[in-house]
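Working notes, beginning with the structure itself.
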Number of protein chains: 2
Amino acid sequence: MTASRALNGTGHIARATEERIQIIAEKYKYRPNLLIRGVQTGRTMNIGVIFPADLGFYTNVLEGLHDELLASNYSIQLSLIHQHLGEHAIRQEHQQILRLLDLRVDGIILRPVNDDASDLYFKEVFERNIPLVTIDRKLENVHCDALGTNDFKAGQQAAEYLITKGHRNILLAATGDIVSTGRERRNGFLSSAEKVKGVHVSIINETDFKHHENEARNALTSHPEITAAFCVTDILAAGLYNTALKLGIRIPKDLSVLGFGNLGMGPYLNPPLSTFDQHPAKIGKAAAQLLVKRINSTSEKKRAQQKTISADILERQSVRNINSHETPR
Amino acid sequence: MTASRALNGTGHIARATEERIQIIAEKYKYRPNLLIRGVQTGRTMNIGVIFPADLGFYTNVLEGLHDELLASNYSIQLSLIHQHLGEHAIRQEHQQILRLLDLRVDGIILRPVNDDASDLYFKEVFERNIPLVTIDRKLENVHCDALGTNDFKAGQQAAEYLITKGHRNILLAATGDIVSTGRERRNGFLSSAEKVKGVHVSIINETDFKHHENEARNALTSHPEITAAFCVTDILAAGLYNTALKLGIRIPKDLSVLGFGNLGMGPYLNPPLSTFDQHPAKIGKAAAQLLVKRINSTSEKKRAQQKTISADILERQSVRNINSHETPR
DNA sequence: TTGTAAGCGTTATCAT
DNA sequence: ATGATAACGCTTACAA
């Protein structure tokens with residue numbers, strides 16, 4: 001017992017005893033057994049993290065998460081889920097959650113597979129009072145903290161930005177209603193665009209990316225008045241670059257393109273893609289902070305918080321200002 | 001005790017008892033405490049993984065690792081190290097290794113910060129007989145399993161490929177001697193190129209990527225006879241695209257470019273970059289297999305294995321065949 | 001086939 | 001300030 005106190009620096013202890021014990025510990029290379037400490041204290045200082053197997057954007061979220069958790073002396077128990085497996089992915093996710101619980105993690109950070117999970121799906125988590133923070137998905141029927149981008153606002157910013165640059169006929173490449181993030185960006189964009197007279201938006205709204213190229217070609221050829229496009233993700237923007245190239249449409253001279261997500265290919269496209277930076281590391285950091293706070297809060301009653309990090313535009317060279325006085329030619 | 005046997009399906013037990021216990025377990029929603037099981041059995045079924053914080057290439061290694069480990073019922077304890085912090089990174093790494101040990105992981109998979117660690121650096125790991133597999137770095141003075149790309153061979157493949165395509169004056173963009181992977185690719189390339197008469201290699205050999213653009217410009221202007229370049233990493237290849245653009249050199253008409261690593265920007269470059277696929281998921285999978293085998297092997301005496309995954313060329317559109325009969329103009 | 005006893009390494013609690 | 005005791009939940013070893 002005295003040894004425990006000396007090594008952890010907890011409680012009253014004589015300086016001399018403390019030093020003596022520390023010396024002995026060093027001599028015998030004592031190392032604590034964190035498993036048993038976890039059992040005993042009820043806190044493992046281990047956080048479960050569940051992300052899509054194809055990390056992409058989440059690598060940086062993970063990095064932010066990791067750094068912040070490490071700063072609070074937490075480790076990360078990582079699970080990856082292959083998202084494309086449909087129902088099987090959901091089963092996998094649930095199983096991994098149970099495993100993390102069995103491992104006695106102190107909290108869970110999760111980018112859920114599907115948007116419409118309910119409290120019931122997470123019942124084991126709640127029963128054990130393990131704090132849960134979701135990333136990038138607001139689960140309507142789940143009462144837990146959530147963290148993500150303010151996608152609606154970002155969509156608004158996109159519209160305002162392109163309109164400010166003089167564009168009035170704009171293509172909106174969106175991804176349907178299934179994924180909440182893309183849906184919000186689209187809705188935000190439309191809400192802002194509608195407020196400005198003389199602005200016309202052509203919209204592609206396909207969940208399947210394969211359909212986008214065709215639709216984009218149709219839109220651009222039948223509406224030559226379009227001078228700008230907002231793509232709800234950089235992947236669509238990159239696709240649009242190809243379509244434009246095939247049609248002989250030059251970016252940004254003939255068509256301005258604004259992407260979303262700063263997904264890594266942006267700087268390598270020609271011209272470099274202007275896009276939204278979601279600050280993924282900040283998202284991770286904030287999620288970790290929320291979780292740690294929740295773990296340490298004795299009053300379990302605090303309502304679920306939905307925190308949001310603002311994305312902002314990273315200007316590169318794919319958007320042109322077409323206001324007459326700025327482009328005199 | 002009987003319950004333990006029934007729930008784990010281990011040992012002799014009456015069918016009736018087993019079922020009765022399982023029903024009770026279900027009724028009370030019994031879940032095992034994996035911490036205590038780990039303490040008791042000496043196996044936590046948890047593997048420590050330490051990767052660079054800036055995962056990049058390692059995201060896919062991690063994915064392969066994860067899937068293979070999961071198949072063997074292992075979880076992952078993840079640590080990230082910020083590589084650019086020099087000595088501090090090494091301290092961090094060491095601390096994380098100790099932490100994983102305290103957490104009683106059954107094995108460790110590590111992409112080490114530095115190439116010249118010795119057995120001493122890992123002494124705590126060896127003392128506890130925890131298997132260690134390194135990724136992408138052959139530590140000369142450490143007796144542990146290692147997994148990576150066969151970089152020397154890949155370098156040879158690169159030379160042979162470009163030579164087969166008719167190139168005789170080739171630029172080799174390399175990264176000095178510090179990082180073993182790049183060094184091996186360079187040496188492999190040179191070893192194959194030297195064997196063929198009439199082949200001349202101009203070499204840039206700078207660790208700092210910033211110097212590459214200048215050097216490349218010099219090389220290309222003073223040696224207009226150069227028709228191809230092999231870049232030891234895609235990042236250098238992307239840089240070379242820019243340099244070429246500035247100099248009015250067209251790819252692949254005037255200059256063929258072959259990259260390395262398939263780092264993600266390749267398909268988005270113009271023209272799409274031909275490069276080496278290192279099959280990172282396979283590397284992860286093989287590393288996991290090696291580790292699991294090592295964990296299960298009772299005879300600890302088996303010598304360290306160095307397994308290697310062959311990289312191969314992913315042909316896109318940045319390398320041109322300039323043999324006269326194929327390009328009649 | 002089932003059950004008993006001991007022990008894993010630590011901390012909480014209470015006593016000295 | 002220090003120490004004794006119990007407890008955490010499980011499995012190994014052995015007994016019945």
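Every chain is numbered from 1, with letters handed out A, B, ... down the list of sequences. Since the structure is predicted, the reported quantities are computational estimates derived from the model, not experimental observations.
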(request) Please name all residues satisfying salt bridge (charged side-chain N to carboxylate O under 4.0 Å, His left out) with A:D136, sequence neighbours left out, ordered by chain then number. (result) none

(request) Would you kindly give the CZ-to-P distance between B:R5 and D:dC10, to the nearest whole Å? (result) 15 Å

(request) Report the residues that fulfil side-chain hydrogen bond (donor to acceptor under 3.5 Å, both in side chains) with B:Q96, sequence neighbours left out, ordered by chain and then residue number. (result) B:S79

(request) Enumerate the residues from residues 25-42 of chain A whose closest heavy atom to DNA chain C is under 4.0 Å, giving them by residue number; use none for an empty result. (result) A:Y30, A:R31, A:P32, A:N33, A:I36, A:R37, A:Q40, A:T41

(message) Under the rule for side-chain hydrogen bond (donor to acceptor under 3.5 Å, both in side chains), what residues qualify as partners of B:D145, not counting sequence neighbours?
(response) B:R294

(message) For the helix from C:dT1-D:dA16 to C:dT16-D:dA1, what angle separates the axis at the start from the axis at the finish, each from five pairs, in steps of 10°?
(response) 40°

(request) Identify, between B:R104 and B:A14, the residue whose nearest nucleotide on DNA chain C lies closer to the 5' end. (result) B:A14

(message) Any side-chain to backbone donor/acceptor pair from B:T44 onto B:R104? Under 3.5 Å, distance only.
(response) yes

(message) Less than 4.0 angstrom from a charged side-chain N to a carboxylate O is my criterion; do A:R183 and A:D177 meet it?
(response) no

(request) If a pair satisfies salt bridge (charged side-chain N to carboxylate O under 4.0 Å, His left out) and one of its residues is in residues 110-128 of chain B, list it, with sequence neighbours excluded. (result) A:K29-B:E127, B:D115-B:R137

(message) Checking B:A25 now: which residues fulfil side chain to side chain contact (heavy atoms under 4.5 Å, CB included) with it, not counting sequence neighbours?
(response) B:L7, B:Y30

(message) Expressed as a whole number of angstroms, how long is the span from A:M1:CE to D:dA7:P?
(response) 16 Å

(message) Which residues in residues 17-24 of chain A have a heavy atom closer than 4.0 Å to any atom of DNA chain D?
(response) A:T17

(request) Can you tell me which residue pairs pass the ring pair (Phe, Tyr, Trp, His ring centres under 6.0 Å) test with a partner in residues 87-119 of chain B, sequence neighbours excluded? (result) B:H94-B:Y121

(request) For DNA chain C, note the earliest and the latest nucleotide, 5' to 3', having some atom under 4.0 Å of a heavy atom belonging to chain B. (result) C:dT1 to C:dC8

(request) Only pairs at least two apart or in different chains count here, so list each salt bridge (charged side-chain N to carboxylate O under 4.0 Å, His left out) that has a residue in residues 35-59 of chain B. (result) none

(request) Write out all pairs satisfying salt bridge (charged side-chain N to carboxylate O under 4.0 Å, His left out) with one or both partners inside residues 3-19 of chain A, taking only residues at least two apart or from two chains. (result) none

